[in-house]
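Naming: A, B, ... by sequence-line order, numbering from 1 per chain. Excluded from the calculations below are hydrogen atoms, water molecules and symmetry mates; all remaining heavy atoms, backbone and side chain alike, are included. Everything quoted here is computed from the prediction, not taken from an experiment.
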Amino acid sequence: MPYISSPASKAALKAGLSVTGVSKEFQSRGRTVQALDDITLALPAGKVGVLLGPSGCGKSTLLRMVAGLEQPSAGNICLNDRMVDQPGRDRGMVFQDYTSFPWLSVRENVAYGLEINRDRDALNEGTVDHFIRAVGLEKFTDAYPHQLSGGMRQRVAIARTLANYPELLLMDEPFGALDPETRWQMQDLLLDVVRKERTTVLVVSHDIEEALYLGDTVFFLSRHPGRLKEIIDTGFKAALPSGDREAFLQSDDYRRLELHIRRLMRDEGRNAA
Amino acid sequence: MTARLSEQATGQARLAPAEHARTRRSPRRWFDFNQTLKGSQRLLLGSLGWLGFFLLWQITSQMELAPDRLYPGPAAVFGSLWELFAEKNFLSDVLSSVTRIVLSFAIAVLIALPIGLLMGSFARVDGVLNPLLGAWRYLPAPAFIPLLLMWLGTGDTQKITLLLMGVVFFLVIMLADVTRQTPKVLIETAKTLGGGRRTTLWTVVFRHSLPGYVDTCRQMLAVSWTYLVIAEIVAATDGIGAMMMRAKRFVHVDDIMAGIVTIGVLGLLFDVLFRLLYRTCFPYLGRGHS
Ligand SMILES: Nc1ncnc2c1ncn2[C@@H]1O[C@H](COP(=O)(O)OP(=O)(O)O)[C@@H](O)[C@H]1O
Ligand SMILES: [Mg+2]
């Protein structure tokens with residue numbers, strides 16, 4: 001299929017995400033809550049970045065600011081040298097709670113982004129079917145979301161976001177509410193699709209194993225206020241057979257990093273107490 | 001010996017119900033929480049209620065509590081209902097009442113829907129209109145009858161205006177409430193897919209609220225019937241209410257009751273129509289909703 005190569009060539013032009021000196025304060029009931037303080041990070045195009053940290057450290061807030069759903073109090077966010085100031089098609093978001101439009105079938109849900117953007121070319125090229133197949137829902141194209149399981153609905157959301165060809169895919173704890181087996185399947189599926197399409201991805205997670213498994217880079221945030229505490233590179237995975245979770249979990253590098261992050265998490269717990 | 005035998009027997013009897021309950025399929029309790037009924041069961045129970053009602057009516061009407069002329073039984077009422085349609089051209093009365101209802105309600109929805117949609121979507125629109133319309137809602141529409149009679153006379157315009165005033169303020173506020181219930185995350189999903197304000201308003205907010213709109217209209221239409229009767233009793237030459245006022249002058253209680261029955265049946269009919277519309281238009285809601 002000629003069309004599968006096209007996103008790859010588009011990806012070659014991508015420069016990636018840069019977050020510079022971003023802080024965020026919320027006003028709630030007269031008090032000012034500092035959710036994030038001076039975050040600076042960069043994610044090169046085609047890479048998977050993971051925001052990891054204890055709950056309440058501002059992961060969702062940072063992701064929502066990158067999506068343009070929230071404005072930073074200070075600093076700026078750029079995607080491929082364009083300033084982010086409002087939501088847009090270039091930054092697709094997959095939310096935590098499997099949001100599909102209940103009145104649209106699986107196919108119509110996946111086609112939604114292309115329809116509202118009047119992207120006739122992509123619709124005619126078979127993009128919708130391609131991504132329905134990519135997430136393994138070809139048997140359910142005409143089903144409504146209420147007929148699907150949570151995992152399947154999350155796949156609809158992923159397919160819908162990818163079919164829109166975002167330059168950056170944002171995901172907020174996308175597999176948090178799924179059972180472990182389904183979660184592992186979805187992680188593999190995500191890596192598979194994302195590698196084929198060469199999408200840049202920023203995922204929020206609070207699970208160490210998931211973060212190390214998915215991420216090329218893991219950004220560890222600390223709490224109160226949210227600060228970038230450490231950037232962890234997972235280059236060791238290059239030497240491992242790809243897609244082999246067992247080899248990954250048994251490697252010395254994984255165990256070392258897991259223990260290291262576990263200690264970071266524990267320190268966070270102590271500081272909070 | 002006999003004592004031991006009977007002990008064994010009771011022991012078994014004590015075991016039996018528990019085992020029975022495990023294999024039994026239909027619920028054994030008549031009244032339990034979270035029970036659901038089959039369609040046929042619902043129909044049966046519903047008929048039971050109505051049967052009881054008609055029985056009670058028939059019996060009390062024959063007990064000489066009041067003269068037959070003032071308190072006719074169901075048979076007499078349905079007899080005069082037939083007579084009304086067959087001989088007294090009641091159908092044209094019914095039609096003019098239905099026309100008033102449908103016309104005024106259509107106008108009310110046409111006005112209320114855009115306003116409710118905008119109020120429910122945008123806080124600033126709500127900020128201006130909610131205090132205003134929310135207050136008007138509590139002014140009883142019949143209080144305006146003297147004014148309407150002076151301004152618009154006794155014709156259909158006056159009646160339709162009264163019906164309109166009776167429902168439109170409630171309708172706006174309720175439709176805005178429905179609109180407001182659109183999950184924030186669906187709106188944000190549309191935005192991150194590149195949806196602008198207009199696109200998001202129509203393809204998400206309006207579309208998500210549609211079933212709620214239909215349901216709200218169904219409920220408000222019932223209120224509309226109340227105002228119709230008031231409008232037609234006050235001043236009218238045709239319509240169900242006017243027929244009932246004519247019948248009152250000649251103490252035709254059976255005709256009055258026939259009018260009440262007609263209004264009840266029509267109200268029910270519209271209700272069923274709306275439910276049918278709901279079920280055929282929104283199959284994606286699954287069974288959880290009625
Ligand atoms: N809209 C909001 N108004 C006020 N405070 C908020 C809002 N959103 C988030 N916060 C606060 O900001 C902090 C970070 O929240 P969040 O980004 O959801 O954390 P995480 O996703 O890491 O669990 C929390 O203390 C939270 O209470
Ligand atoms: Mg969160």
Side-chain angles (χ1 to χ4, degrees), chain A residues 60 63-70 84 86-106 108-119 122 142-148 153-154 156-172, chain B residues 36 113 116-117 120-124 127 175 177-218 274-290:
Chain A
S60 298
L63 204 70
R64 290 173 58 79
M65 287 194 294
V66 174
L69 296 169
E70 212 93 61
V84 165
Q86 59 176 352
R89 184 185 175 180
D90 54 336
R91 284 150 291 128
M93 177 107 149
V94 173
F95 293 85
Q96 194 167 0
D97 33 9
Y98 337 119
T99 48
S100 22
F101 300 115
W103 55 89
L104 299 180
S105 68
V106 168
E108 291 164 336
N109 258 289
V110 175
Y112 177 84
L114 297 176
E115 292 281 355
I116 61 170
N117 289 297
R118 301 206 171 75
D119 196 335
D142 296 320
Y144 284 110
H146 83 269
Q147 298 166 307
L148 305 178
R153 259 181 284 161
Q154 195 60 305
V156 173
I158 293 171
R160 180 183 52 211
T161 313
L162 286 172
N164 213 24
Y165 286 125
E167 292 163 36
L168 176 65
L169 173 63
L170 303 166
M171 306 174 100
D172 193 351
Chain B
T36 49
L113 194 57
L117 178 65
S121 302
F122 305 115
R124 288 197 163 79
L175 294 179
D177 278 340
V178 169
T179 312
R180 223 170 278 122
Q181 279 159 23
T182 311
K184 192 176 149 209
V185 71
L186 289 186
I187 295 171
E188 291 183 339
T189 299
K191 281 184 179 172
T192 56
L193 288 168
R197 196 165 44 196
R198 187 183 291 243
T199 306
T200 308
L201 184 69
W202 286 111
T203 64
V204 179
V205 180
F206 177 74
R207 193 58 192 75
H208 180 271
S209 307
L210 209 49
Y213 292 158
V214 171
D215 209 46
T216 302
C217 285
R218 180 177 65 81
F274 264 98
R275 280 179 202 274
L276 222 65
L277 183 77
Y278 192 93
R279 223 174 290 165
T280 47
C281 290
F282 314 118
Y284 59 84
L285 289 174
R287 250 165 290 133
H289 309 250
S290 67

Assign the ring pair Tyr284(B) / Tyr144(A) to parallel, tilted or perpendicular, where the plane angle (0 to 90°) is split at 30° and 60°.
tilted
Residue pair [X] / [Y]: nearest heavy atoms and the distance that separates them:
X: Ala67(A); Y: Thr192(B); value: CB-CG2, 4.3 Å
X: Pro102(A); Y: Leu186(B); value: CD-CD1, 4.3 Å
X: Pro283(B); Y: His146(A); value: O-CE1, 3.9 Å
X: Arg160(A); Y: Leu193(B); value: CD-CD1, 3.7 Å

State, with a plain yes or no, whether a side-chain heavy atom of Thr203(B) is found less than 4.5 Å away from one of Tyr112(A).
yes
Contacting moiety of [X], where chain B heavy atoms sit under 4.5 Å:
X: Ser100(A); value: backbone
X: Asp97(A); value: side chain
X: Arg64(A); value: side chain

Please rank Val94(A), Leu104(A), Asn117(A), Leu114(A) by heavy-atom pairs under 4.5 Å with chain B and give me the top one.
Asn117(A)
Chain A shares the most heavy-atom pairs under 4.5 Å, among Val185(B), Thr200(B), Leu210(B), with Val185(B)
Among Thr161(A), Thr99(A), Asn109(A), find the residue that satisfies the side-chain contact (heavy atoms from CB on, under 4.5 Å) test when tested with Thr189(B).
Thr99(A)
Could you give the distance from OG1 (Thr199(B)) to CZ (Arg118(A)), rounded to the nearest 0.5 Å?
6.5 Å
